[in-house]
Trainee: 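Here's a structure for you.
Numbering of residues begins at 1 and proceeds along the displayed sequence.
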Amino acid sequence: MEDSIWTATLAAFREKSGGTDPVPAGVAISAVTASLALALLAKVLAIADKKNHLAAILDAARAESTRLAQLADDDIQAFNQYMECKRHGRELTDAVRKAIEVPMEAARSAVRGLDLCAQTAGVVRGLTAADVGAAAALLSGAVRAMLLSVDFNIREMRSDAEFSSAIAAERRDLQRASEEQADAVTAALNASIRYARLESRL
């Protein structure tokens, strides 16, 4: 059983990320970022919940944050399994499939997180609204990074065209959903800023 990156300090994780070991790399780092972004969203929701009855969104944000934390570890394990197969000349299809499925699941989770941000941005006012925007920006960047990894890993999946085609189609849907949700958050926050300015003039 490999150690979880979550048992180390943040400084140790940063040092390992900048070292010469192949992992943690893009997907794991993006999953960590997305997990922290959703923890930030959960903080905002916990503060605002007393007035806005946001318990369901809060629970969902916490669940996605936990899921992404696990997927960061899963990505490291999937890559290590891939490298182990490659070193010993074993069949790579299952290992490559896993290396694609993990970032895809992480991207799905992050997109769901963006939807939660969009729901929250419409009801949260004041300084905490900026944290909703920050969470959405971090999630949006994480999705792009995860899907970039998927693009490269699909190229290794030469023996399973049907699987690759299905993943490529869903990958496009996830990118589109991510962009739409990020735009929805921006629009809601801009409306909140206009409302605050109008209130200040009254």
Trainee: Which pair of non-hydrogen atoms, one from A48 and one from L54, has the smallest distance, and what is that distance?
Mentor: CB-CD1, 4.0 Å
Trainee: Any salt bridge linking R112 with E105? Criterion: basic side-chain nitrogen under 4.0 Å from a carboxylate oxygen.
Mentor: yes
Trainee: If you compare all heavy atoms of V96 against all heavy atoms of N153, which two are closest, and at what distance to 0.1 Å?
Mentor: CG1-O, 3.6 Å
Trainee: How close do V185 and L114 get, counting heavy atoms only, and between which atoms?
Mentor: CG2-O, 4.2 Å
Trainee: With rounding to the nearest 0.5 angstrom, report the CD to CG distance, E64 to L41.
Mentor: 11.0 Å
Trainee: Might you point out which heavy atoms bring W6 and A69 nearest each other, and give the distance in Å?
Mentor: NE1-O, 2.8 Å
Trainee: Which distance, rounded to the nearest 0.5 Å, do you find between the CG of L38 and the CG of L139?
Mentor: 4.5 Å
Trainee: Is the closest basic N to carboxylate O distance between E101 and K98 below 4.0 Å?
Mentor: no
Trainee: For the residue pair C85 and L92, what are the closest heavy atoms and their distance?
Mentor: CB-CD2, 3.6 Å
Trainee: Under a 3.5 Å threshold, yes or no: a donor from one side chain and an acceptor from the other, between Q77 and Q81?
Mentor: no
Trainee: Please, which pairs that meet salt bridge (Lys or Arg N to Asp or Glu O under 4.0 Å) have at least one residue in residues 74-89, sequence neighbours excluded?
Mentor: E84-R87
Trainee: Run the side chain to side chain contact (heavy atoms under 4.5 Å, CB included) test on L36 and L138 for me, step by step, so that the C-alpha distance in whole Å, both residues' side-chain angles and the decisive distance to 0.1 Å come before the verdict.
Mentor: CA-CA 9 Å; L36 293 174; L138 291 167; over 6 Å; no
Trainee: Rounded to the nearest 0.5 Å, what separation is found between the CE atom of M146 and the OG atom of S178?
Mentor: 10.0 Å
Trainee: Return yes if a side-chain donor-acceptor contact under 3.5 Å exists between S140 and R144, otherwise no.
Mentor: yes
Trainee: Do V27 and L147 share a hydrophobic cluster (ILVMFWY, side-chain heavy atoms under 4.5 Å, transitive)?
Mentor: no
Trainee: Work out which heavy atom in I29 is nearest to a heavy atom in P24; give both atom names and the distance.
Mentor: CD1-O, 4.2 Å
Trainee: Just how far is it from atom CZ of R176 to atom CZ of R171, taken to the nearest 0.5 Å?
Mentor: 11.0 Å
Trainee: Nearest 0.5 Å please: distance from the CG atom of L71 over to the OG1 atom of T66.
Mentor: 11.0 Å
Trainee: I need the full list of side-chain hydrogen bond (donor to acceptor under 3.5 Å, both in side chains) pairs touching residues 9-38, with sequence neighbours left out, sorted by first then second residue.
Mentor: S35-S65
Trainee: Going from CD on E162 to CD1 on I167, what distance comes out if it is rounded to the nearest 0.5 angstrom?
Mentor: 11.5 Å
